[in-house]
Amino acid sequence: MAMSDEKNRYKQTVLLPKTDFPMKADLATREPARRKKWDEMKLYELIRAARKGAKPWVLHDGPPYANGDAHTGTGMNKILKDIVVKFRTMQGFDSPYVPGWDCHGLPIEHKVLADLGGVKPPTMTVLELRKKCLDYAHGFIDKQRQQFKATGTLGRWEKPYLTIDPAYEANVLQVFASLHERGYITRAKRPVHWSWAAQSALAEAELEYEDRQDPSVYVRFPVSTCGKECKFRELVEAREDREEIWNSLALLIWTTTPWTLPANVAVAASAGAEYVLARYEREGRREHMVLAQALLSRVAEKAKLQNVNVLEVFSGADLKGVGYSHPFLETACPVVFADYVTLEDGTGLVHTAPGHGKEDFETGKREKLPVVCPIDEAGKFFTGDRLVKELQLSPAFEDARGWLKMLEGQNVLKANGLIVNKLREEGWLLHTENITHSYPHCWRTHAPVIFRVTEQWFVQIDHVDPDKKLNPEGKTLRARLLDAIHASRWFPAWGENRISAMIENRPDWCVSRQRYWGIPIPAFRVKETGEVLLTRETNRRVIELVRQHGSNVWFDDVNWPAEKLLPPEIAARYKGKTLEKMGDIFDVWFEAGSSFQAVMREDAELREKFPANMYLEGDDQHRGWFQVSLILSVATTGVSPFKHCLTCAFVVDEKGEKGSKSKGNMWPIDQGCKDLGADLIRYYFASLDTSSPVPVTYKLIQAASDGYRKVRNTFRALVGNLFDFVPEKHALALDKLTAIDQWALSQASACAVAVTEAMERYEFHVAMREITQFCNVTLSAQYIDVRKDALYCEAANSPKRRSAQTAMCWIADLLCRMVAPILVHSADEMWEFVPKKASMPLCVHLAAWPNLDEIRYRDDQLDNCFQKLFGEVKYLLEQSLERYRQTGKGGKGLDFKELLTVRRGSATADWLTKFTEAELAEYLNVSQVRVVITDDPVVNFQGFEVALNGDAQVCSDKPCLRCYRRTGDVGAATKHPELCKRCADVVGDSV
RNA sequence: GCGCCGGUAGCUCAGCUGGUUAGAGCACACGCCUGAUAAGCGUGAGGUCGGCGGUUCGAGUCCGCCCCGGCGCACCA
């Protein structure tokens, strides 16, 4: 048909958007290609070179453990780090990222041993075992490196730091030597958390509290002797029935760890509490016992005691001088007093075993009680003479009742049951039941932990460093740590409180472990005398040898006997004696915590940049890496190793359960990147508040893809309209732009300011929200929609069109830069479509963050007018149009004209008249607008009096064949009878 | 048990120092457009702002108590 031909003819003159920037992201194939390109162009090195000499801003990587896959949690951590680094880099900082791995430690040793059948084969040397551990670690470093790189994270992947590097090991020893020289280190016999499954001491950070069922037992400890001055004795002696009482009198104690009963050496009471002497019957027998008054009824009820009578009530202090005989070892033990004895549970009489509890140990120290600990590394009772000796039994003890025989070699958990049964058989057991309580477990083996007194190396948290330079005020390390914490900034802010509380309460740090896969504590022992040798000189020698040969020198007795590890003059001093290397290694936390020294203060690229600007890890690191790093750095350098500390929460699954490798509800991060796209995953992490638990599932991430697509398509619309725009040639000056284009730039500036501020606070989800809002509302629904006519239909080089293009080009550039730290692949792809000036770098990651001083273009008046126009007038109009559409008289905006009635003198009239009717028609996407200013009341369709009413009316004017507008002047140009005047002018003679 | 943080539409989040009918995006329903098209635009529905009480002329916003979730500390004998 002729009409259709006509239309096609004019269509060719419409400047429709044109771009090769694909609408479909196709992340799965494009992302790997882009990363390959980055590798080939050595992007990371280019960035380093470009920022050389710039002000440094370093995020120091906390080393993930080189074991297993990198899952979503570790992946999120790396992504957040990369966002920060890319942002700071764009801001112009020299921001190198050196990833690292934690390579020593029990989990790897455990895995390797498990592959060997659980224990080190006798034929295998320690060196051979360590070699297997090393290979294992290397395998996972390579694997995880690939997984992390799949997230688009840039860094010095080819030269990471590894805690197994000899140089790193030497630095760990250096930190230790420095602590030692400053007096922080002590070797002492103390109760420590002991994992019998891992056969090693554990630090606080290596404990996990889990629920566990244990026997709760009430045991009678028979009263034997009472001192002469004993008030309790006088009480009983004053009674006529004293004979009967003495014959069946016991202290009633309570415990949930029956296996510690053999180590019992005392009973602790509260001097201030009220106790009773009670008579009762059970199983037909009459007995007597002492316990706290407040707990009598509860105990009596539990144990179903009959005819309970309180014979005497007295103060706990009256028990001074009471002695009892251990119920099965028959040793004579005292009653002591301790302030931690409470009346909440139990009997008010506390079974005290200094070998198996921290408080018991302290009580034991004060009361000069023996420390008994008959349990070996594996959590089993000693055997034979060793057991007798440890229990401090007299040589005459014959074990007539078979207790020792029963206990010998038993695991503590098994012993629980055995002891309870035998106590019951012998009649000591008043009552037993099972209780569930949370109990510390070994974080790796998940076996319950026990307290065991051993000799260990400790870092003393309350030590006062004598060095006036580092510690001018003579404070304890604990106090200085709290100062350093306060001097750092914490994101979120509550992190400061959390770690402060932990530091305030923490005990000395037990840094020794009894394992193979780690860095040795470089102490020697004189075999003949037991003297422990650890000096500045021996440390120096060992550090030097480890730096040259690695920590294996300590474990290589063939090539490196003790003498060779000692400085010659010291070896000479001990001539004739046998020196041996002691067998402890460092807690792995000590290694990781030394990274401030081994990496930040040593690495050629980072050396000058200590302390780091940021540490960023999961919030569990408040008691882990943050804490140990702080301790070691403050103790040896006097300052916190970081200025900012940012934490993220754990990753959880759709049920809100903590993701864990063992549960299998987490997937490897590279698999997710492959399936969903790294940028989408990055977008997802950046769009929610990572300071509270982060749910991560494929479904949730896919749901976020709409937001991602909106950014992509908005950008596409912008650059699609820039196909014929060359900034240098066509860009207009700011003051020459059309009002709506100026407004768009003003909005973009506001967005950039908000985004920058959010990024500075590391609140990426706020930044993403700003960007999303900007794309969805300001750009897509308001600005671009309205500018289409100018872009498509005005003459190619008309000021109006060039004005719109100037703004769009500028906004496209801004948008691309703002999303670059997050959508690392897509932004770089977008970058290729931003019209380039000569000065712009090849890759967006080499580009600068929008300079707020330059772009801070705001026009409040303009913002106001357009906000009202789009917010109020347009809404009014659309409602009006909707009413038409619902009657079936469908149609697009251009089929309508709008009558705006405004009350004269109203505020609305004030700003509305700043627009011409033609502008209003354009901005409201209708064909014509008529503004009527009236003195009469303005009434809306519901009959309410308002300042402004909008009334859409079907426009019967003929539509322009080219621009669809019904402007009323179609046909004015004789040459183009189907076109409006504007279009006729634009088309001219070209068709 | 103690402490910290949070509980706002189906989802992800805004709501500053208390002040008009509590917002946005997505999802949903309905519709428009077919010149951003595996796009775009519009309208709509949807919330007792965890619960109860209090302060106030007025509270999502302040106070108290309680419930739920997360976390930390302590859970010791």
Side-chain angles (χ1 to χ4, degrees), chain A residues 11 14-19 21 23-24 204 209 216 253-257 260 264 267-268 338 340-342 344-353 356-360 363 437-440 451 492-495 497-499 501-502 504-506 619-620 622-623 649-650 652 656 658 684 687-689 691-693 695 699-700 703-707 709-710 712-721 765-766 768-773 775-777 780-782 784-786 788-789 791-793 874-875 877-886 888 890-895 925 962-964:
Chain A
K11 186 169 177 124
V14 178
L15 301 165
L16 294 180
K18 202 158 49 179
T19 179
F21 182 75
M23 181 141 88
K24 200 161 181 298
E204 299 291 310
Y209 283 80
S216 158
I253 64 97
W254 174 67
T255 182
T256 56
T257 50
T260 62
N264 173 277
V267 164
Y340 55 80
V341 176
T342 67
E344 282 160 24
D345 289 303
T347 63
L349 291 173
V350 175
H351 148 58
T352 298
H356 294 305
K358 204 172 158 238
E359 289 173 324
D360 297 26
T363 302
H437 57 160
S438 81
Y439 189 87
F451 260 105
W494 48 256
N497 286 338
R498 176 176 295 185
I499 194 163
M502 289 177 178
E504 274 165 22
N505 299 320
R506 72 156 295 149
D619 59 20
D620 57 330
H622 284 118
R623 75 166 181 177
F650 271 109
V652 296
K658 194 185 279 188
Y684 179 74
S687 65
L688 38 78
D689 181 359
S691 67
S692 35
K699 214 176 147 193
L700 284 168
S705 64
D706 294 288
R709 278 209 303 270
K710 190 69 185 184
R712 195 178 173 93
N713 280 328
T714 305
F715 177 82
R716 184 166 180 268
L718 292 173
V719 295
N721 284 302
H765 69 290
V766 175
M768 283 317 297
R769 195 185 57 236
E770 292 292 339
I771 291 173
T772 306
Q773 204 101 319
C775 285
N776 270 298
V777 181
S780 190
Q782 299 177 341
I784 297 176
D785 209 40
V786 158
K788 285 186 207 168
D789 179 75
L791 289 159
Y792 299 172
C793 300
K874 192 165 184 189
Y875 179 61
L877 168 66
E878 294 290 358
Q879 280 182 318
S880 176
L881 290 186
E882 203 61 26
R883 287 196 293 277
Y884 267 104
R885 287 174 185 142
Q886 269 159 25
K892 54 190 172 187
L894 292 180
D895 293 334
N925 267 337
R962 182 167 174 272
C963 74
Y964 306 151

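Naming convention: chains lettered A, B, ... in sequence-line order (proteins, then strands); numbering from 1 in each chain.
- The side chain to side chain donor-acceptor pair (under 3.5 Å) test applied to A/Lys788 returns A/Asp785, not counting sequence neighbours.
- Partners of A/His622 according to the side chain to side chain donor-acceptor pair (under 3.5 Å) rule, which considers only residues two or more places apart in sequence or in another chain, do not exist here.
- If you take CG of A/Asp619 and P of B/G70, they are 14 Å apart, rounded to a whole angstrom.
- Applying the side-chain contact (heavy atoms from CB on, under 4.5 Å) test to A/Glu359 and every residue at least two apart in sequence or in another chain returns A/Tyr340.
- For A/Arg883, the salt bridge (Lys or Arg N to Asp or Glu O under 4.0 Å) test picks out no residue, with sequence neighbours left out.
- The environment of NZ in A/Lys358 is sparse: at most 12 heavy-atom neighbours from other residues, nucleotides or ligands sit within 6.0 Å.
- Checked against B/G44, B/C41, B/A38, the side chain of A/Lys24 finds its nearest nucleotide in B/A38.
- Residues passing the side chain to side chain donor-acceptor pair (under 3.5 Å) test with A/Ser880: none are found, sequence neighbours excluded.
- No hydrogens or angles were tested; on distance alone, a donor-acceptor pair under 3.5 Å links the side chain of A/Thr342 to the base of B/A77.
- Within the 4.0 angstrom heavy-atom criterion, only backbone atoms of the sugar-phosphate kind lie near A/Leu688; the bases stay farther away.
- Among the nucleotides B/A77, B/C41, B/G44, the one closest to the side chain of A/Thr255 is B/A77.
- Checked against side chain to side chain donor-acceptor pair (under 3.5 Å), A/Thr19 has no partners two or more places apart in sequence or in another chain.
- With the 3.5 Å cutoff on both pairing distances, Watson-Crick and G-U pairs in RNA chain B assemble into runs of at least 3 at B:1-7 with B:67-73, B:10-13 with B:23-26, B:28-32 with B:40-44, B:50-54 with B:62-66.
- Closest to the side chain of A/Met502, from the set B/C32, B/A36, B/G72, is B/G72.
- At B/C13, none of the side-chain N or O atoms of A/Ser687 fall inside 4.0 Å of OP1 or OP2 (strictly under the cut-off).
- With B/G35, B/C41, B/C76 as the choices, the nucleotide that has an atom nearest any side-chain atom of A/Cys793 turns out to be B/G35.
- Taking the ring pair (Phe, Tyr, Trp, His ring centres under 6.0 Å) definition, one finds that A/His356 meets it with A/Trp259, sequence neighbours left out.
- An OP1 or OP2 oxygen of B/G44 is reached within less than 4.0 angstrom by a side-chain nitrogen or oxygen of A/Tyr875.
- For A/Tyr684, there are no ring pair (Phe, Tyr, Trp, His ring centres under 6.0 Å) partners two or more places apart in sequence or in a different chain.
- Put simply, OH on A/Tyr792 is 11 Å from C1' on B/U37, counting in whole angstrom units.
- Between A/Arg709 and A/Arg716 the shortest side-chain heavy-atom distance does not fall below 4.5 Å.
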Give every pair of a protein N or O atom and an N or O atom of nucleotides 2-9 of chain B that lie under 3.5 Å apart, one pair per line with the distance.
none

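- For A/Lys11 against B/G35, a side-chain-to-base donor-acceptor contact under 3.5 Å is present.
- The shortest distance between the side-chain N/O atoms of A/Thr352 and the OP1/OP2 oxygens of B/A77 is not below 4.0 Å.
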Protein heavy-atom contacts under 4.0 Å, written 5' to 3' over nucleotides 21-31 of chain B as B (base), S (sugar-phosphate only) or - (none), form the string ---SSSS----
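- As judged by a 4.0 angstrom heavy-atom cut-off over every strand, A/Arg506 is placed among residues making no nucleic acid contact.
- For A/Thr714 against B/A36, no side-chain N or O and base N or O form a donor-acceptor pair under 3.5 Å.
- Comparing atom distances between the A/Ser780 side chain and each of B/U37, B/G35, B/C41 picks out B/C41 as nearest.
- Listed by chain and residue number, nothing satisfies the salt bridge (Lys or Arg N to Asp or Glu O under 4.0 Å) test with A/Glu504 (two or more places apart in sequence, or in another chain).
- An OP1 or OP2 oxygen of B/C33 is reached within less than 4.0 angstrom by no side-chain nitrogen or oxygen of A/Tyr964.
- Dashed line: the shortest gap from a side-chain N or O of A/His622 to OP1 or OP2 of B/C73 is not under 4.0 Å.
- Taking the C1' atoms as reference points, B/C62 lies 29 Å from B/C73, given to the whole Å.
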